[in-house]
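Worksheet for the structure shown next.
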Amino acid sequence: MGLFDFHEPVPRAGTGCKKWDLLDRIFGEHPRGMLPFWIADTEFRVPEEVVEELRRRVDHGIFGYPVRDQRAVEAVARWWGRRHRWEVDPGWICHSHGVMGGVALAIRLFTREGDRVAVQTPIYPPFRWVVENNRRVLVENPLVMRDGRYQMDLNGLEEIFASGARALLFCSPHNPTGRVWTRGELEALAALAERYGVLVISDEIHCDLVYDGSPGHVPFPSVSPWAREGSILFSSPSKTFNLAGFYTAYGIIPNGAMRRAYETELNNLFMDQGNELGQRAMGAAYSAGEAWLEGLLSYLKANRDLAVRRLGSIPGVIPTVPEGTFLMWIDFGGLLRDTGLTAAGFLKCLGLALNKGESFAEGHQAFARLNFGCPRAMLEEALGRIEEGARAVILGPRGSA
């Protein structure tokens, strides 16, 4: 781990964070204390270089209206070239309050009310909300499980495209399954979208959190000339560097006409200025945070492997092995069959707050999403509680979950 101690717990209750400060209100209290493994931020301090940059700026003591920080924009472009082998023109980079804010703006700009917008389920719940709240029609194309991996159903997607879908909200790497799509899969998707003229809006917020042995992250706009002009990519340093509280994200839009339309709308909505401290944090993270990230990836991979090993040893529990993200999609169906319990209900009885599976797709009450971006001791406590609860379920009337 070098200079980065990811084992160290950092108390967060009372800091105004949703994950901890809304915990009891949303999930209720528990005699052993409720532990949060739900919202997708991590329990780790940001790189010290980010803290130092923020401290320098805060020490100045004046925080007037900011301008767009070109140094931060150029740091973003360099990051994508260095980490993801995609040469990004800094002029393609547009501000966004958050990734989902950018997605919402793109949907409103490039589709019309009543248009069909596709998603691939199970999927991050705001994908559903952003479509329906903007009066578009959500069309679901479920992923399929083949050879132990979730894969895209391209035949089903073609039927949706052929029926008139105007856009696809794409998640890469995929939340909640942790799939890292191969270049071949992305090329096939791009060819299909090109054939039917479907705009691809790609959420790549987890792009940096990819593990050894996975295909490696491939930016969707990089896979073909059409993908470059027919898609919009949104990302942020928030998942990689735990900077969600700054609401500093960006779109990468190579297509000049779409980029001008997007920036014009940002200006019309008075949302084009950005966050001064967020820009500083982003620039510092992308410029000086790479060594910290390598340490984080090593730590998260060990957490992932621990969780897969212990959960996979419980009869009736099937953890999906994530190739990327710090999120694990877990099937408790075999364990909970005939108990009347949902996965979320079972876990809540144990004092564990995970995202419930049915929020990602209908009919997934037996699933839950675990955030393993935490110190190992916290994860081990959760795994121990799940093992204890599973024994109680298996014992039946002699035990209790």
Side-chain angles (χ1 to χ4, degrees), residues 2-4 44 46-57 66-99 102 172-173 180 183 186 202-212 214-223 225 227-229 231-244 246-256 258-259 262-263 266 272-298 324-325:
L3 300 176
F4 316 111
F44 309 123
V46 304
E48 194 58 33
E49 293 85 350
V50 173
V51 176
E52 291 172 358
E53 176 63 21
L54 291 171
R55 188 175 290 121
R56 280 193 292 270
R57 182 64 186 87
V67 297
R68 293 290 306 282
D69 188 342
Q70 188 61 26
R71 294 170 300 176
V73 171
E74 291 170 356
V76 171
R78 289 194 301 270
W79 182 263
W80 282 85
R82 187 168 67 251
R83 296 291 299 190
H84 304 299
R85 301 168 300 284
W86 182 37
E87 295 305 315
V88 171
D89 184 331
W92 298 346
I93 299 170
C94 305
H95 171 69
S96 179
H97 175 68
V99 163
S172 178
V180 175
R183 179 173 290 275
L186 296 173
S202 189
D203 171 359
E204 304 193 10
I205 197 170
H206 291 280
C207 61
D208 302 317
L209 301 168
V210 172
Y211 303 111
D212 292 342
S214 78
H217 181 73
V218 179
F220 182 80
S222 73
V223 300
R228 169 176 151 154
E229 299 299 317
S231 68
I232 299 174
L233 182 154
F234 288 101
S235 194
S236 168
S238 61
K239 304 302 181 189
T240 307
F241 295 106
N242 211 17
L243 297 173
F246 285 111
Y247 282 91
T248 298
Y250 53 86
I252 303 179
I253 312 177
N255 183 301
M258 287 199 294
R259 184 172 64 253
Y262 177 89
E263 292 190 323
L266 274 183
D272 59 329
Q273 290 188 334
N275 177 309
E276 168 65 5
L277 294 182
Q279 292 185 99
R280 296 289 182 129
M282 179 168 70
Y286 281 150
S287 297
E290 204 153 6
W292 180 93
L293 173 58
E294 292 301 330
L296 175 69
L297 287 170
S298 177
T325 80

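Remember, it's a predicted structure, so these values are computed and weren't measured experimentally.
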With distance as the sole criterion, is a donor-acceptor pair present between the side chains of N275 and H97 under 3.5 Å? no
Close side-chain approach of S202 and I232, heavy atoms under 4.5 Å: no
Looking only at non-hydrogen atoms, find the nearest pair between P254 and S231 and report the distance. CD-O, 4.5 Å
If you round to the nearest 0.5 Å, how far is CE of M282 from OG of S238? 11.0 Å
Grab the two heavy atoms, one from L209 and one from L297, that are nearest each other, plus how far apart they are. CA-CD2, 3.8 Å
What I'd like to find out is whether the side chain of P237 reaches to under 4.5 Å of the side chain of T240, using heavy atoms alone. no
Can you find a heavy atom in the side chain of R280 that is under 4.5 Å from one in the side chain of F246? no
Heavy atoms from other residues, nucleotides or ligands near CG of D89 exceed 12 (cutoff 6.0 Å): yes
One thing to verify: whether R57 and E53 come together as a salt bridge, which I'm taking to mean a side-chain N less than 4.0 angstrom from a carboxylate O. no
Heavy atoms of A77 and P90 approach each other most closely as CB-CG, 4.0 Å
Applying side-chain contact (heavy atoms from CB on, under 4.5 Å) to H217 and D208, what does each step give before you reach the verdict? CA-CA 8 Å; H217 181 73; D208 302 317; over 6 Å; no
For the atom pair CD (E49) and CH2 (W292), what is the distance rounded to the nearest 0.5 Å? 10.5 Å
Taking C-beta and beyond as the side chain, do H84 and C207 meet within less than 4.5 Å on heavy atoms? yes
Using the rule given for side-chain contact (heavy atoms from CB on, under 4.5 Å), can you reason through S287 versus W79, listing the C-alpha separation, both sets of side-chain angles and the distance that settles it, and then say yes or no? CA-CA 8 Å; S287 297; W79 182 263; over 6 Å; no
Treating S222 as the side-chain partner and P219 as the backbone partner, does any N or O pair qualify as donor plus acceptor under 3.5 Å? yes
G81 versus E87, closest heavy-atom pair with distance: CA-OE2, 3.9 Å
Looking at R259 and I253, would you say the former's side chain and the latter's main chain have a donor-acceptor pair under 3.5 Å? yes
Using modelled atom types only, decide if a donor and an acceptor are shared between the side chain of Y211 and the backbone of T325 within a distance under 3.5 Å. yes
Can you find a pair of side-chain heavy atoms, one from L54 and one from V46, that are under 4.5 Å apart? no
Assert yes or no for the condition that the ring centre distance of Y262 to W92 is strictly below 6.0 Å. no
At their closest point, which heavy atom of P221 faces which heavy atom of L233, and how far apart are they? CD-CD1, 3.7 Å
As a quick check of understanding, evaluate salt bridge (Lys or Arg N to Asp or Glu O under 4.0 Å) for E74 and R68, giving each step before the final call. CA-CA 11 Å; E74 291 170 356; R68 293 290 306 282; over 6 Å; no
Can you tell me how far apart CH2 (W80) and CZ (R85) are? Round to the nearest 0.5 Å. 11.0 Å
Does Q279 use its side chain to pair, donor to acceptor, with the backbone of D69 at less than 3.5 Å? yes
Residue list, side chain to side chain donor-acceptor pair (under 3.5 Å) with R82, at least two apart or on another chain: E290
Look at the side chain of S96 and the backbone N and O of G102, then say whether any donor-acceptor pair between them is shorter than 3.5 Å. yes
Backbone N or O of E204 within a donor-acceptor pair of the S235 side chain at under 3.5 Å? yes
Heavy-atom donor-acceptor pair, S214 side chain to D212 backbone, under 3.5 Å: no
Can you find a pair of side-chain heavy atoms, one from V76 and one from Y286, that are under 4.5 Å apart? yes
So, the side chain of S236 versus the backbone of T248: is there a donor-acceptor pair under 3.5 Å, distance only? yes
Find out whether E263 and D272 are in side-chain contact, i.e. whether some heavy atom of one side chain is under 4.5 Å from a heavy atom of the other. no
Answer yes or no: is there a side-chain heavy-atom contact under 4.5 Å between P47 and F241? yes
Check the pair D203 / S172 against side-chain contact (heavy atoms from CB on, under 4.5 Å), numbers first and verdict last. CA-CA 6 Å; D203 171 359; S172 178; over 6 Å; no
Audit row: Y247, V99, side-chain contact (heavy atoms from CB on, under 4.5 Å) steps and yes/no: CA-CA 9 Å; Y247 282 91; V99 163; over 6 Å; no
To the nearest 0.5 Å, atom CG of L296 lies from atom CG of N242 at 9.0 Å
